Every structure is written in C-alpha cells, then in structure tokens.
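Residue numbering restarts at 1 for every chain, and letters A, B, ... go by the order of the sequence lines. Worth knowing before you read on, the calculation uses all heavy atoms, side chains too, and leaves out hydrogens, waters and symmetry mates. Bear in mind that the values here come from a model prediction, so they are computed numbers and not experimental data.
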4 protein chains.
Amino acid sequence: MSKTQAVSVDSVAPLGPISPAKARILAVAVDLFHEKGYERTTVRDIAERTGILSGSLFHHFKSKQEILYTAMAMTTQAMGQSAEAAVTGVDDPVAQLKALILMELNSIHREDGHAAYVLVDEWRSLDPEHAAAVLKLRDGSYERCWMAALEGCADKGILKNNPRIARQLLRGALAWTRTWFRADGALTLPGLADEVCGTFLKS
Amino acid sequence: MSKTQAVSVDSVAPLGPISPAKARILAVAVDLFHEKGYERTTVRDIAERTGILSGSLFHHFKSKQEILYTAMAMTTQAMGQSAEAAVTGVDDPVAQLKALILMELNSIHREDGHAAYVLVDEWRSLDPEHAAAVLKLRDGSYERCWMAALEGCADKGILKNNPRIARQLLRGALAWTRTWFRADGALTLPGLADEVCGTFLKS
Amino acid sequence: MSKTQAVSVDSVAPLGPISPAKARILAVAVDLFHEKGYERTTVRDIAERTGILSGSLFHHFKSKQEILYTAMAMTTQAMGQSAEAAVTGVDDPVAQLKALILMELNSIHREDGHAAYVLVDEWRSLDPEHAAAVLKLRDGSYERCWMAALEGCADKGILKNNPRIARQLLRGALAWTRTWFRADGALTLPGLADEVCGTFLKS
Amino acid sequence: MSKTQAVSVDSVAPLGPISPAKARILAVAVDLFHEKGYERTTVRDIAERTGILSGSLFHHFKSKQEILYTAMAMTTQAMGQSAEAAVTGVDDPVAQLKALILMELNSIHREDGHAAYVLVDEWRSLDPEHAAAVLKLRDGSYERCWMAALEGCADKGILKNNPRIARQLLRGALAWTRTWFRADGALTLPGLADEVCGTFLKS
DNA sequence: TATGAATGAGCCTTCATTCAT
DNA sequence: GATGAATGAAGGCTCATTCAT
C-alpha cells in the first residue's frame with residue numbers, strides 16, 4: 001500500500017519531543033475528534049477545553065493538521081510498542097495471535113482516551129504526506145508483528161485464510177467493534193478476543 | 001441501538017419521489033462524498049460537477065444535509081431490496097449467507113457508484129434525527145435478512161459464533177474490504193465471498 | 001417636501017387598472033408586509049398565500065417593488081377620496097377637522113386590511129422615484145383637505161398651533177395609535193377622535 | 001404591553017462592557033441603520049465603514065442582531081438617564097413635562113448620532129426576545145419619569161387628556177418630528193418643545 | 001396565464017491562522 | 001509562552017427575477 005504512494009514523506013517533520021503542554025492538547029484534541037470528528041472540531045474548541053486561548057495553540061503545533069498527525073503518529077508508535085510487548089517471549093503463534101487481538105481490542109476500548117478511534121475514523125482527514133508518514137510507522141512495527149503471528153499460524157496449517165487476507169478481515173472486524181461492543185457480564189473483552197481468535201483458526 | 005435513541009424520527013421528511021434532476025445530483029454528491037468526505041465537499045462542488053449553479057441545488061434539496069440523508073436512505077432501501085432478492089427462493093441458510101455476503105461485497109465494490117462507501121464512512125456527518133430514520137429503514141429489511149440467515153446456520157450448529165456477534169464481525173470485515181480489495185486474477189469478489197463464508201462456518 | 005426632490009416621477013408607471021388577480025395579490029401582500037415587513041416578506045410568501053406560484057406573480061407585477069408601490073399608491077388614492085368624502089358638504093372647519101381625524105383613525109384601525117400601516121411603516125422600503133410619485137398623489141388631495149380644515153380653524157382663532165405644525169403633530173400622534181390603541185368599552189375610535197380634536201383646539 | 005408578552009428575557013445576554021472597538025462599530029451601525037434600514041445594511045457595510053473586515057465584527061458581536069440589540073439597549077439606558085437627569089430637582093410637574101419633551105426632542109435631533117431614530121424605526125427588526133429585554137429597560141426608568149410628570153399635571157387639573165393617552169399621543173407626535181423638523185430661524189427645538197407642551201396643557 | 005426549474009449575486013457567519021503586545 | 005484582535009477566504013443558504021414549456 002505505502003509502496004505505491006508517490007508522496008514524499010520527507011516534508012513531514014518527525015515527531016519531536018512531546019512537552020506536557022503538547023500532551024494535554026493532544027489528549028483534548030483526540031477526545032474532541034472522537035466526539036465530533038476532525039472537521040467539526042474547531043481549534044477554538046480544543047483551546048477552550050485545554051484552558052488556553054486559540055492563538056496559543058499555534059505555539060505548540062503549527063497547524064490543526066499537525067495536531068491530527070501527531071496524535072495519529074503517537075498512537076501508531078504506542079500501538080507498535082504494545083504489539084512488540086505482547087508477543088515478546090511468546091513462541092506459540094496461536095498465543096501470539098490471541099495476544100495481538102486482545103491488545104488491539106484493548107487499544108480501541110480503553111477508557112482513558114480515544115486515540116485508536118481517531119486512527120481509524122479520521123484517516124481521510126489526514127493530508128497524503130502525513131498519511132504516508134503514519135503508514136510507514138505502522139508497517140515498520142505493528143503490522144510486522146501481526147504478519148509474523150499470522151504466518152506462524154499458517155505454517156502450522158491452522159489458519160483458515162491466507163495471512164494477508166486474514167489480517168485485513170481481522171482488522172475490519174476488530175475496528176468495527178468500537179460501534180457495538182460494550183463490556184457487560186455476558187461478554188468481556190478477553191472473551192471477545194478468544195471468540196474472534198477461534199473464528200479465524202481451524203477448530 | 002435504535003431503541004435507545006431518544007430522537008424522534010417524525011421530523012424527518014420521508015423519501016419523496018426522486019426526479020431525474022435529483023438523481024443526477026445525488027449521484028454526483030455520492031461520488032464527491034466518497035472522494036473528499038461530506039465536510040470537505042462544498043455545495044458549490046456538487047453544483048459545478050452536476051452542471052448547475054449552487055443556488056439551484058436548493059430547489060431540489062433543502063439543505064446539504066438532506067442530500068446526504070437522501071443518499072443514505074436510498075442506498076439503505078436499495079440494499080434492503082437486494083438482500084430480499086438475494087435470499088428469495090433460497091432455503092438453505094448457508095446458501096443464504098453466501099448470497100448475502102456476495103451481495104454486500106457487490107454493493108461495496110460496484111463500479112457505478114460509491115453509495116455503500118458513503119453509508120459507512122459518513123455516518124457521523126448525519127444529524128441524529130436523520131440517522132435514526134436511516135437506522136429504522138435498515139433494521140426493517142436488510143438486517144432482518146441477515147439475522148434470518150445467521151440464525152438458520154446457528155440452528156444447524158455450523159455457525160462458529162453467536163449470530164449477533166457474527167453479524168457484527170462480518171459487517172466490519174466486509175466494510176473494510178473497501179480499503180484493500182482490488183479484483184485481480186488471484187482473487188475475485190465471489191472468491192472472497194466464499195472465503196469469508198468459510199471463515200465463519202465450521203468446516 | 002416633494003418640491004425639493006430632484007427625482008423625476010416620469011419613470012414611474014401610473015396606476016393601471018387593478019384586475020381581480022392583482023387585487024388579491026395586493027391584499028395578501030399588504031397583510032404580509034404588515035406582519036413581517038417588506039424586507040422579510042418574500043415573493044414566495046406572497047405567492048403561496050395567494051395560492052399561486054412565485055413565477056406567476058411577475059405576470060401581474062413586474063417587481064416586488066411595484067407591488068409595494070401599487071399598494072401605497074392605491075391606499076393613498078383611497079384615503080384621498082375618503083378625505084374628500086369626509087369634508088364634502090361640511091362647512092364648519094371644526095366639524096371638518098373632527099371628521100378627518102376620525103377618518104384617519106378608521107383607516108388605520110379598520111379590520112379588513114392593513115394598508116394604512118404599510119403606508120407609514122414601509123415608507124423607507126420604497127424607491128425614491130416611487131416615493132415621489134406617492135407623495136405627489138397624497139399632496140394633491142389628502143393633504144389639501146387637511147390643510148383646508150386646519151387653516152379654517154386657525155382663521156377662527158381656535159387652533160392652538162400653526163396649521164403646518166399642527167398637521168405634523170397630528171399625523172404623528174394618530175399614526176402611533178396603531179401601536180397602542182385597542183377598542184374597548186372605555187375608549188372607542190370616535191371617542192378617541194373627539195379627544196384628539198379637543199387637544200389641538202382651544203377649549 | 002410588555003405584560004402580555006410571553007417571551008422570556010432570560011436568554012438575552014445583559015449589556016456587557018462596551019469596549020472602544022465595540023463603540024465605534026455601534027456608532028457606524030446606527031448611522032447605517034438610519035440611512036438604509038437594518039435589513040438593507042449588510043455586515044460588510046458596517047465593517048467597511050468601521051475600517052475593519054467583516055469577519056472581525058464577529059469578535060465583538062456574535063451576530064448582526066446583537067449589534068441592533070446592543071444599540072437599542074444602550075440608547076434606551078441613555079435616554080432613561082437623560083430623563084432622570086431632566087426631572088431631578090424639578091418639582092413643578094409642568095416644568096418636568098417641558099423638560100422631558102425637550103429632552104426627547106434633543107435625543108431625536110442630536111447631530112452626533114441617530115440612535116433614537118433607530119430605536120423607533122427598527123423596532124420590528126428586533127427579535128421578540130431582544131425586544132422584550134429592551135422594553136423592560138425602558139419601562140423601568142424612562143417611562144416612569146414621563147408618567148410621574150403627566151400624572152402630576154393631571155392632579156393639578158391642567159392636563160387635557162388622561163395621562164396614559166397623553167403619553168401615547170405625545171410619543172407619536174414627537175417621534176414623527178424626525179421626518180419634518182429642521183431647525184431654522186423660525187422654529188428652534190426649545191421653541192417646538194414649548195409649543196408641544198402648550199398643546200397638551202389647558203391654557 | 002401559469003408553472004417551476006434555473007439563475008447568480010449576495011447574505012450572514014465560521015474558522016484556521018497571524019501577529020503586535 | 002500567552003493573549004486576543006484582526007484577517008480573509010470560504011461556506012451554506014436565500015431570494016428576486018427570468019424563461020422555456
């Protein structure tokens with residue numbers, strides 16, 4: 001996917017250090033993007049909820065777009081690290097897969113932030129250059145973990161689909177849980193993870 | 001979901017007759033929404049590509065929002081009819097499920113319009129009242145077909161998941177294909193439909 | 001006043017014959033202008049309440065402005081005739097004055113139309129040329145009657161003010177009654193007319 | 001009048017502090033409303049004459065309507081204060097009445113602003129809620145002064161009419177002077193005030 | 001005469017961004 | 001770093017008027 005992009009990534013500034021002020025702005029922005037969407041969230045909304053004035057935002061980010069990009073890039077990095085952590089020291093590909101599914105579900109449904117939502121829902125609001133930069137981050141780490149686990153399962157002959165296709169079907173199915181899943185007595189996040197894992201593996 | 005909505009649907013005008021002019025505007029709008037998203041599409045964009053002036057749009061639709069609503073409602077109705085057609089005369093629940101999966105994939109990937117994309121991607125741009133009206137349309141027909149097929153499979157003991165969960169996982173997985181699936185020699189739409197169907201059924 | 005206007009009246013078409021259709025449109029327009037004001041009344045409002053479509057209005061009047069002008073000019077003419085009728089055969093200037101005051105009050109407060117309101121309230125919405133034409137109509141007949149009565153009173157030494165000033169004070173006082181006077185047991189229109197007349201004459 | 005209004009005043013923001021920028025905008029707006037009327041004055045007109053761009057207006061006022069409301073409310077307050085000042089320390093009700101008449105005429109005909117014109121002429125352009133708020137301001141102070149003076153005259157038996165009616169007739173007569181009175185050698189504002197006062201009192 | 005789609009200028013308002021203080 | 005007034009380009013929508021049918 002990213003290989004077919006003709007867009008240069010060089011013009012996108014790398015993720016600099018995140019000061020506490022920046023972090024607060026990002027947290028607010030992510031919540032707001034989740035509530036109303038990027039386009040309908042104004043820079044004033046973000047400033048107001050952060051407790052500063054709109055002009056001050058631009059001392060921290062040079063544009064609204066950069067806020068979105070930073071949020072997505074950070075989330076991507078964080079999820080990459082979570083993925084690495086989830087599979088580190090786990091040899092069994094089935095266990096790896098189960099861990100990754102649970103990790104992705106946790107990212108989506110965690111209560112203290114909506115960064116993973118934004119990563120899916122606001123993709124189209126990201127400029128092509130920024131999108132390419134985020135994709136590059138994602139493919140480097142997060143997706144590598146997934147493909148390793150899936151290919152491990154395939155090698156053992158227990159994956160129902162081709163690993164590439166399985167990955168895409170899984171991604172869609174998991175991302176969509178944000179619209180319907182609510183933890184309750186009957187179904188917990190780990191329970192859902194097990195169920196999804198079982199679906200994609202031969203029983 | 002729709003049951004917990006406090007929003008009244010009564011204020012939303014029912015879908016009136018679609019004149020040729022309206023149909024042309026809708027087709028253009030759907031393409032544009034797909035290309036750039038609802039928010040970034042201006043009424044002037046729509047008018048220009050339709051070949052009329054922006055003021056003329058408002059003879060046919062009383063607001064930009066109504067264009068979105070009409071497009072979504074029409075697509076929902078059309079998909080409901082396609083779903084009914086797909087299962088009519090088919091008794092075997094597995095065959096029904098296969099037909100519905102293929103039908104949904106066809107809706108998403110048809111070349112002459114992007115209405116199904118819009119139905120998924122622009123959901124958040126729809127006012128609560130309009131959203132409730134569309135949901136009502138969808139639950140009445142389209143989702144009923146799906147649940148009948150899935151429950152049929154479950155009754156025969158060959159569905160891997162609870163029907164409700166299966167439906168949601170399937171919906172996410174299928175909708176997401178819009179971002180990665182491109183028909184080529186190796187994988188056709190019916191081939192993908194078979195593969196997805198097989199994933200969710202015990203082999 | 002009209003003498004100092006440099007505006008030519010020639011460009012304003014004289015009042016042609018008023019067909020029944022025109023009359024109905026005018027009646028509706030006057031009511032609407034009274035309810036919402038000229039600017040806030042749309043040509044579609046007028047058409048709708050008349051029971052025709054907006055395009056059809058322009059077969060009867062060549063512009064919205066012409067509707068206003070026609071309504072004002074007709075009202076002016078009608079009030080001129082009422083004034084002539086009120087003083088015809090009356091010799092005593094005090095009786096004339098009383099009759100004119102009552103006539104003006106009746107015009108303002110009649111129940112079957114709001115033409116006199118419009119004449120006062122929408123003056124500023126009238127183009128200078130049309131305004132000059134209406135003024136000319138008014139000065140020719142209506143105001144002549146008033147001045148004759150007031151000068152008659154002055155000649156008898158019973159008018160408190162200079163006739164020109166008295167006329168202006170009276171006009172303002174009477175026009176303003178539209179905002180506060182409501183007929184009830186205590187105060188009728190003839191009663192008010194008597195009271196006003198008494199105010200401006202030495203007792 | 002205001003008692004029969006069902007409109008709540010609570011939703012109307014109280015008059016905040018008037019910054020110099022706001023004051024300049026208001027002065028310009030009032031002049032423009034006087035020249036062309038509220039409806040025909042565009043926010044671009046106001047901005048241009050103020051020397052700013054149209055977008056900047058909305059830093060100071062949240063809508064065009066709020067500009068009108070603020071102008072009217074300020075004028076109402078100012079006239080209330082003028083009225084209090086005019087009668088303070090004056091015991092004789094005739095002198096009070098004379099002072100109030102002159103004060104009202106001065107407000108209407110002052111050369112440095114047309115606020116009092118706007119107060120009368122653009123009443124109908126004011127939203128019902130804002131109108132109720134202005135009425136409340138007016139009845140609290142301005143009208144109280146008038147009624148006190150008129151009732152004082154009535155108690156002495158020298159007022160020709162019932163005080164309520166006298167007030168309304170006076171208001172109409174004085175407001176209308178804006179259309180015809182021009183100070184010249186023959187008639188000055190104080191001269192006119194005397195004349196009007198004499199009209200309403202028994203000689 | 002009536003219709004109603006189309007016109008196109010114009011309106012109020014929003015909003016990301018800049019910059020002097 | 002923070003402020004908040006100012007910018008100026010759009011944006012959605014309105015509306016008097018025209019005209020082919």
Side-chain angles (χ1 to χ4, degrees), chain A residues 19-22 25 38-48 50-68, chain B residues 19-22 24-25 38-48 50-68, chain C residues 19 21-22 38-48 50-68, chain D residues 19-22 24-25 38-48 50-68:
Chain A
S19 67
K22 271 181 130 160
I25 292 168
Y38 175 79
E39 312 283 353
R40 270 183 299 274
T41 299
T42 72
V43 117
R44 275 181 175 78
D45 291 335
I46 300 172
E48 188 185 0
T50 307
I52 59 176
L53 291 195
S54 72
S56 310
L57 267 186
F58 293 88
H59 288 288
H60 302 285
F61 296 96
K62 71 178 206 281
S63 68
K64 184 185 173 190
Q65 179 71 207
E66 204 193 56
I67 297 177
L68 178 61
Chain B
S19 65
K22 270 181 133 161
R24 213 168 67 254
I25 292 167
Y38 175 79
E39 312 281 354
R40 270 184 299 275
T41 300
T42 72
V43 297
R44 281 175 176 83
D45 289 337
I46 300 173
E48 189 183 0
T50 308
I52 59 177
L53 291 197
S54 74
S56 308
L57 271 185
F58 294 90
H59 259 278
H60 303 286
F61 297 96
K62 69 175 200 281
S63 67
K64 186 187 173 190
Q65 178 73 204
E66 203 193 58
I67 297 177
L68 178 61
Chain C
S19 67
K22 273 181 127 159
Y38 175 79
E39 312 283 353
R40 269 183 300 276
T41 300
T42 71
V43 118
R44 275 182 175 78
D45 290 335
I46 301 173
E48 188 185 0
T50 307
I52 59 176
L53 292 196
S54 73
S56 310
L57 267 186
F58 292 88
H59 288 288
H60 301 287
F61 296 95
K62 70 176 207 280
S63 68
K64 185 185 174 190
Q65 178 71 206
E66 204 194 56
I67 297 177
L68 178 61
Chain D
S19 66
K22 270 181 133 161
R24 213 167 67 255
I25 292 168
Y38 175 78
E39 313 281 354
R40 270 185 299 275
T41 300
T42 72
V43 296
R44 278 179 177 80
D45 290 336
I46 300 173
E48 190 184 359
T50 308
I52 60 177
L53 291 196
S54 73
S56 308
L57 271 185
F58 294 89
H59 259 279
H60 303 287
F61 297 96
K62 68 176 201 282
S63 66
K64 186 187 172 188
Q65 178 73 205
E66 203 192 58
I67 297 178
L68 178 61

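- Between C:Tyr38 and A:Ile52, the residue anchored closer to the 5' end of DNA chain F is A:Ile52, taking for each the nucleotide with the nearest heavy atom.
- When heavy atoms are screened at a 4.0 angstrom cut-off, A:Ser19 is found touching no nucleic acid atom at all.
- For B:Ile25 against B:His60, the heavy-atom pair with the smallest separation is CD1-CD2, 3.7 Å.
- Residues satisfying the side-chain hydrogen bond (donor to acceptor under 3.5 Å, both in side chains) test with B:Glu48, not counting sequence neighbours, are none.
- For DNA chain F, the residues of residues 57-66 of chain D within the heavy-atom distance limit of 4.0 Å (strictly under) are D:His59, D:His60, sorted by number.
- Rounding to the nearest 0.5 Å places NZ of D:Lys22 at 10.0 Å from CD1 of D:Ile67.
- Look at A:Ser56 and you won't find any side-chain N or O under 4.0 angstrom from OP1 or OP2 of F:dG1.
- The side-chain hydrogen bond (donor to acceptor under 3.5 Å, both in side chains) test applied to B:Gln65 returns B:Tyr38, not counting sequence neighbours.
- When the nearest nucleotides of DNA chain E are assigned to D:Thr41 and B:Gly51 by heavy-atom distance, the more 5′-ward of the two goes with B:Gly51.
- Checked against side-chain hydrogen bond (donor to acceptor under 3.5 Å, both in side chains), D:Thr42 has the following partners two or more places apart in sequence or in another chain: D:Asp45.
- B:Leu53 comes within contact range of at least one nucleobase, with a heavy-atom separation under 4.0 Å.
- Counting only Watson-Crick and G-U wobble pairs whose two distances sit under 3.5 Å, DNA chain E takes part in these stems of three or more pairs: E:2-21 with F:2-21.
- For the atom pair OG of A:Ser56 and CD1 of A:Ile52, the computed distance is 5.0 Å after rounding to the nearest 0.5 Å.
- One distance of note links CG of A:Leu57 with CD1 of A:Ile46; it measures 6.0 Å at 0.5 Å rounding.
- The side chain of C:Val43 lies closest to F:dA16 when the candidates are F:dA16, F:dG11, F:dT3.
- Looking at every heavy atom in both residues, C:Lys64 comes nearest to C:Thr41 through NZ-O, 2.8 Å.
- Within 4.0 Å of B:Thr50, counting heavy atoms only, lies no atom of the nucleic acid at all.
- Put simply, chain B comes within 4.0 Å of DNA chain E, heavy atom to any atom, from E:dA5 to E:dG10, going 5' to 3'.
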